[in-house]
Number of protein chains: 2
Amino acid sequence: MTVQSDPFGDMQSLDNQICFALYVANRAVTARYRPLLVDLGLTYPQYLVMLVLWEQARSGRLTRVSDLGARLRLDSGTLTPMLKRLADRGLVIRQRNLDDERVVTVALTKAGHDLREQAGQIPGRLLRGIGVEPGRLVALRDELRRVLGALEQQVGASD
Amino acid sequence: MTVQSDPFGDMQSLDNQICFALYVANRAVTARYRPLLVDLGLTYPQYLVMLVLWEQARSGRLTRVSDLGARLRLDSGTLTPMLKRLADRGLVIRQRNLDDERVVTVALTKAGHDLREQAGQIPGRLLRGIGVEPGRLVALRDELRRVLGALEQQVGASD
DNA sequence: CACATTTATATTGTGCACAATTCAGTTAAA
DNA sequence: TTTAACTGAATTGTGCACAATATAAATGTG
């Protein structure tokens, strides 16, 4: 019923099917996080930043804006205002590095650290809410990583 | 080296791995479309709207804003300004339905129809650029659909 | 040292997403 | 038929993403 054979760009071509599925799935999953994250006063991208900061805190290393950017694949145009909002909420502190004043380091406040306990419930609640077998999710994760790996390896070797 | 065993929310829990991978992969793929779409003067969401309109045009049915919303899972808060931009570029015409003035139908202009020919090259160019075996992509598509199906079936039966 | 280049972040502007609200128009009920 | 409830789209406001540009600081070169 959904089979098509149009030579031109239609929603049935493989690339469209995949990219559209990615587009919709990403928003659907983010929407699943939303009600869980409002309790913490976080958006999903903010939650990702906090995850990185919590992880880094355990390793004892200072986190720079560029570290967050490398990890989350976001640039300063996205991160700077986001981090300012997190700072406004008292979860992080942004400060210029004394050695190299171009660098801004991002550190957790006590409130930022403490939030981690509440956040601990989220993964379980989300997985339960999705209602998909873990095996399927692992398969999805692996397929995503494979494609992502291929995408990030190349520079711009298209055409 | 990336194995962790933290009981609290960290980037290594399965849900974070999957959702983060989705988040990054979606942006990476959209970034791949961008240089191909600038030739058409479209963003990726605009391209999706055009794909639906091209498809609908072949079936002869009129497309309402709510049809686009149902297909793309977007609400009027996103679609209305997007469609206005497409109308400004002369690709679509928005008009109130005479029978039911609450409804707005979206129709392609000649320029909108004609753009389809150029768009026809995009799927192939994108797939070639990704450099991943079609088999893998099909697997990814199917896994995405499975999870998406599970997500969209439920209402809010979480907790 | 002076000067060009590079690096790290910030700023500006555009375009999604989405919650919440509004509003016109339709339908249903009293 | 007046009113109440509902529907479909538009509006408003917030928060990402990202391109392009700007700024300041560090680094390299002659």
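Naming convention: chains lettered A, B, ... in sequence-line order (proteins, then strands); numbering from 1 in each chain. All figures in this text were calculated on a predicted structure; none of them were measured in a lab. Hydrogens, waters and symmetry mates are skipped; everything else that's a heavy atom, side chains included, is used.
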First encountered from the 5' end of DNA chain C, between Y23(A) and R64(A)
R64(A)

For R34(A) and T105(A), find the nucleotide of DNA chain C closest to each by heavy atoms; which residue's nucleotide sits nearer the 5' end?
T105(A)

Rounded off to whole Å, could you give me the [atom1]-to-[atom2] distance for the [X] and [N] pair?
| X | N | atom1 | atom2 | value |
| --- | --- | --- | --- | --- |
| D75(A) | dA19(D) | CG | C1' | 8 Å |
| L37(B) | dA19(D) | CG | C1' | 15 Å |
| L83(B) | dA10(D) | CG | C1' | 12 Å |

Heavy atoms under 4.0 Å, any strand shown: does T78(A) hit a base, just sugar-phosphate, or nothing?
base

May I ask you to verify if any side-chain N or O of R102(B) is less than 4.0 angstrom from the OP1 or OP2 atom of dC6(D)?
no

Any N or O donor-acceptor pair under 3.5 Å from the base of dA10(D) to the side chain of S76(B)?
yes

If I compare all heavy atoms of [X] with all of [Y], which pair ends up nearest, and what's the gap?
| X | Y | answer |
| --- | --- | --- |
| M82(A) | V49(A) | CE-CG2, 3.2 Å |
| R27(B) | L72(A) | NH2-O, 2.6 Å |
| L151(B) | R32(A) | O-NH2, 3.0 Å |

Near DNA chain D, counting only heavy atoms under 4.0 Å, which residues of residues 86-101 of chain A show up?
R89(A), D99(A), D100(A), E101(A)

Got a sec, which pairs hit salt bridge (charged side-chain N to carboxylate O under 4.0 Å, His left out) with one end in residues 76-90 of chain A, sequence neighbours left out?
none

Throw together a table of side-chain donor-acceptor distances under 3.5 angstrom for residues 129-141 of chain A, partners on residues two or more places apart or in other chains.
{"from": "R141(A)", "atom 1": "NH1", "to": "Q17(B)", "atom 2": "OE1", "distance (Å)": "2.6"}

Who are the side chain to side chain contact (heavy atoms under 4.5 Å, CB included) partners of A21(B), not counting sequence neighbours?
L144(A)

Do L68(B) and L53(B) have side chains that approach each other closer than 4.5 Å (heavy atoms only, starting at C-beta)?
yes

Y47(A) and T30(A): CA distance, side-chain angles, deciding distance, side chain to side chain contact (heavy atoms under 4.5 Å, CB included) verdict:
CA-CA 11 Å; Y47(A) 172 65; T30(A) 304; over 6 Å; no

Identify each donor-acceptor pair in which a side-chain atom of residues 96-109 of chain A lies under 3.5 Å from a protein atom, sequence neighbours left out, and give them as a table.
{"from": "R96(A)", "atom 1": "NH1", "to": "E101(A)", "atom 2": "O", "distance (Å)": "3.0"}
{"from": "R96(A)", "atom 1": "NH1", "to": "R102(A)", "atom 2": "O", "distance (Å)": "3.2"}
{"from": "N97(A)", "atom 1": "OD1", "to": "D99(A)", "atom 2": "N", "distance (Å)": "2.7"}
{"from": "N97(A)", "atom 1": "OD1", "to": "D100(A)", "atom 2": "N", "distance (Å)": "3.4"}
{"from": "D100(A)", "atom 1": "OD1", "to": "R102(A)", "atom 2": "N", "distance (Å)": "3.0"}
{"from": "D100(A)", "atom 1": "OD1", "to": "R102(A)", "atom 2": "NE", "distance (Å)": "3.0"}
{"from": "D100(A)", "atom 1": "OD2", "to": "R102(A)", "atom 2": "NE", "distance (Å)": "3.4"}
{"from": "D100(A)", "atom 1": "OD2", "to": "R102(A)", "atom 2": "NH2", "distance (Å)": "2.7"}
{"from": "T105(A)", "atom 1": "OG1", "to": "Q95(A)", "atom 2": "O", "distance (Å)": "3.2"}
{"from": "T109(A)", "atom 1": "OG1", "to": "G90(A)", "atom 2": "O", "distance (Å)": "2.5"}
{"from": "T109(A)", "atom 1": "OG1", "to": "L91(A)", "atom 2": "O", "distance (Å)": "3.1"}
{"from": "T109(A)", "atom 1": "OG1", "to": "A111(A)", "atom 2": "N", "distance (Å)": "3.4"}
{"from": "T109(A)", "atom 1": "OG1", "to": "G112(A)", "atom 2": "N", "distance (Å)": "3.1"}

Taking any atom under 4.0 angstrom from a heavy atom of chain B, which nucleotides of DNA chain C are the first and last to qualify, 5' to 3'?
dG15(C) to dT26(C)

